Amino acid sequence: MKKFVSVNGNTISYHAWGTTGPVILALHGSPQSARAVAHVCEVLAQKGFVVIAPDTPGNGLSDPLLSSEKITIVDYASALHSFVEILGIKSHGIYGFHTGAAIACTYAALYPNKTNSIFFDGLPNWSADERESLVGYLASFEPIWDGSHMTWLWARMEEQTVFFPWHHASSHYRMDYNVSPAQGCHANVMDLLKSKNNYIQPYTEALKFNPGNWIGLLKSPYICAASFEDVLTEHLSRPGLDHVTPYVYQTREEMYASASRLFDANKTDVVTLEAQAEAPCGFVEFDKGQVYWQGDPWQQSDSPTIVFLHGSGDSSGIYTRLAKSMNLYTNTLSFDLPGHGYSNDDSTLSGHNISTLAKSYHEACAALGVSNYVVVGERLGGLIANEMLKQKYCQQAICIDIQQKLSKQDWQDLDSFNCELAPQWDGSHLARAWRIARWETLFTPWFKRDREHARAICGAQLEPNDIQKRAETLLMAKNEWFTALALESEPAITDINVGNIIQYSTSFQSDADSSDMRKISSSKDDWFITLYEQFAF
């Protein structure tokens, strides 16, 4: 289960397997997240351990480290120590892969009383010449107006399973690896998209890491290991580690069994993880899976909480800046739709309708202690908001673009486009998400690219970074986007103009010119005054 905790003002995300037993920390490599060590965590959890895998600061859903000073590997070790202290863990074993191994080694040397055993899965030990060859390896990710950066990103992730460094494509640098399947490559792509260029900082420290400065300070039993195909296998016999016995395994299963034996022989006391103080985000149970939320529902405020609900292919993240502005006057709470954003993989819109979603979100608010609230929803979120008001779950509702539905003819026109967003072997789904996101800013609906359906460009909508955000939310939703579109297009939505409901439109085309329709900017940066005046804070 994925969880969140606040550490020194930063939000740190982590996965946890089990609740009672000896504790093992598992640290991932770069540029990845805790997702990448899930398999070893599951293996160890089956042996009775409580396994905790945090996203390294700046990766996954964890905030990056911020400092006016240069950040080093010591800062990541210190951040890990703060995380362990917050969780109340007295001592534990630790498993680290590549970057995670470098952090684990530094941490164990600095805090010897915390670790009872350490398993290094590929401990970085680069030579000066190799570091020279890695110049350009940590390329920054910069969106480009034509979307070509998405093709580059896919190719970069594929190449790293064939060449190391990935940017030196020659027989000398070719590895004996299997090319990652589409799902694996996509997972790595999404990890990098979450971290953006924040991944460069911890990765740089792993490439600079000198284990000879730290390994001699370790007080706990440890194993330096690698799989036979790992590019770091030969690092285990280099100066700095030449006095250490290297263990090389033919399979991951053999390696994980060895790690389990090490941890089992050096067990800590059995502990039970306790619930943590509230973080500004988390998950709440739906009837199908868990839905992600973010906000500050526990802050003191006499005004009703504003609950934001997004539309098809979006996520709660689109309200982050607006919510910060509204927090000056009231609490805010933003939810992801099932199957969207950071909601877990088990969540889905399948089997839901507007009524069941309204009930589920009302129950989600109650689970978070929110009873006095108003709802602002767009498209599908607006239809849910309308239903929540009809059912008297909330006091007021603002519904935006709920008239923008796809007609039967629209669906037929859409069929002529390939809108598949599930991972494709060539990465074409990445470029496709980008193109859809860009056309959405120019036409309504986006696939009717003619003068009649042109929409006004608002502010910086065509800026590559803004389009990139929408493309990423589409990729997170994958084909749940179509399920959401179908719900948005339900033909018989009755009682839309019930008391207290207010409709807005970001586009005054076709039926959006009705007298009861108000215009609102498509840029959420402009919504503050509207919401402030409407809810009379």
Side-chain angles (χ1 to χ4, degrees), residues 1-7 10-19 26 28 33-38 41-42 45 50-55 59-63 83 86-87 187 190-191 194-195 273-299 305 307-310 314-320 323 331-352 356-371 373 375 377 380-381 384 472-473 475-478 480 483-484:
M1 178 183 294
K2 197 165 187 63
K3 301 181 179 182
F4 299 86
V5 65
S6 292
V7 181
N10 283 348
T11 297
I12 298 297
S13 62
Y14 65 100
H15 289 266
W17 288 261
T19 56
H28 63 84
S33 69
R35 167 204 62 81
V37 293
C41 293
E42 291 166 356
V50 172
V51 189
I52 299 171
D55 290 339
N59 290 287
L61 301 184
S62 289
D63 291 339
F83 170 75
I86 287 289
L87 294 186
M190 295 308 291
D191 274 346
K194 289 175 188 173
S195 68
L273 290 184
E274 298 179 359
Q276 301 302 308
E278 292 88 354
C281 54
F283 295 91
V284 65
E285 295 289 341
F286 259 45
D287 59 337
K288 297 179 180 179
Q290 295 177 314
V291 165
Y292 176 79
W293 64 267
Q294 58 178 312
D296 61 343
W298 301 288
Q299 301 297 317
T305 296
V307 174
F308 292 103
L309 298 176
H310 64 81
D314 263 324
S315 77
S316 57
I318 64 175
Y319 301 112
T320 300
N331 298 343
T332 61
L333 184 59
S334 305
F335 288 103
D336 282 342
L337 286 170
H340 287 62
Y342 296 129
S343 295
N344 73 357
D345 293 338
D346 295 329
S347 70
T348 176
L349 283 168
S350 179
H352 272 296
T356 62
L357 286 168
K359 185 173 185 291
S360 294
Y361 278 114
H362 178 59
E363 292 173 348
C365 288
L368 294 172
V370 176
S371 57
Y373 63 90
V375 187
L380 178 54
I384 297 169
E472 289 173 20
T473 62
L475 290 168
M476 287 191 282
K478 298 190 284 292
E480 286 281 334
T483 306

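Being a predicted model, the structure only gives us computed values, none of them experimental.
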TODO: Using the ring pair (Phe, Tyr, Trp, His ring centres under 6.0 Å) rule, take Phe83 and Tyr14 through it: C-alpha gap first, then chi angles, then the decisive distance, then the call.
DONE: CA-CA 10 Å; Phe83 170 75; Tyr14 65 100; 5.4 Å; yes

TODO: Start with the C-alpha distance between Val291 and Leu337, add both sets of side-chain angles, then the distance that settles side chain to side chain contact (heavy atoms under 4.5 Å, CB included), and finish with yes or no.
DONE: CA-CA 7 Å; Val291 165; Leu337 286 170; over 6 Å; no

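Between Glu472 and Met190, the closest heavy-atom pair is O-CE, 4.2 Å. A pairwise comparison of heavy atoms in Ala34 and Pro54 identifies CB-O, 4.0 Å as the closest pair. Annotation for Thr473 and Ser315: closest pair CG2-OG, 3.6 Å, computed over non-hydrogen atoms. The two residues Ser350 and Glu480 come nearest to each other via the heavy atoms N-OE1, 4.4 Å.
In this structure, Asn344 contributes its side chain and Gln290 its backbone to a donor-acceptor pair below 3.5 Å. Using a distance-only test at 3.5 Å, with no hydrogens or angles considered, no donor-acceptor pair links the side chain of Asp63 to the main chain of Ile12. A donor-acceptor pair under 3.5 Å links the side-chain atoms of Ser62 to the main chain of Ser13, judged by distance alone. Distance alone, capped at 3.5 Å, places no donor-acceptor pair between the Thr356 side chain and the His352 backbone. The main-chain N or O of Ala53 is never found under 3.5 Å from a side-chain atom of His28 such that the two would form a donor-acceptor pair. Side chain of Asp336 to backbone of Tyr342: a donor-acceptor contact under 3.5 angstrom is found.
Side-chain contact between Cys365 and Ser371 is absent, with no heavy-atom pair separated by less than 4.5 Å. Counting heavy atoms from C-beta outward, Pro297 and Asn331 have side chains that stay 4.5 Å or more apart. Trp293 has its side chain within reach of Leu333: a pair of non-hydrogen atoms, C-beta onward, lies under 4.5 Å apart. At a threshold of 4.5 Å between non-hydrogen side-chain atoms, the residues Pro338 and Thr348 do not count as touching. In this structure the side chain of Thr11 never reaches within 4.5 angstrom of the side chain of Leu61, judged on heavy atoms. Tyr361 places none of its side-chain heavy atoms less than 4.5 Å from the side chain of Tyr373.
Once rounded to the nearest 0.5 Å, the distance linking CZ of Phe335 with CG of Leu357 reads 12.5 Å. Remark: Leu309 CG to Leu380 CG distance equals 8.5 Å, nearest 0.5 Å. Here the straight-line distance linking atom CG of Leu349 with atom OG1 of Thr483 works out to 6.0 Å at 0.5 Å rounding.
Here Asp191 pairs with Arg35 in a salt bridge; the nearest charged N to carboxylate O distance falls below 4.0 Å. By the 4.0 Å N-to-carboxylate-O rule, Lys2 lies close enough to Asp55 to be salt-bridged with it.
Between Tyr319 and Phe308, the ring-plane angle classifies as parallel under the 30° and 60° cut-offs.
Defined by atom type and a distance below 3.5 Å, a donor-acceptor pair is present between the side-chain atoms of Gln294 and Ser316.
The side-chain hydrogen bond (donor to acceptor under 3.5 Å, both in side chains) test applied to Asp314 returns Arg379, Arg470, not counting sequence neighbours. Under the side chain to side chain contact (heavy atoms under 4.5 Å, CB included) criterion, Ala45 pairs with Trp17, Val51, not counting sequence neighbours.
Applying the 6.0 Å contact sphere to NZ of Lys359 captures no more than 12 heavy atoms from other residues, nucleotides or ligands.
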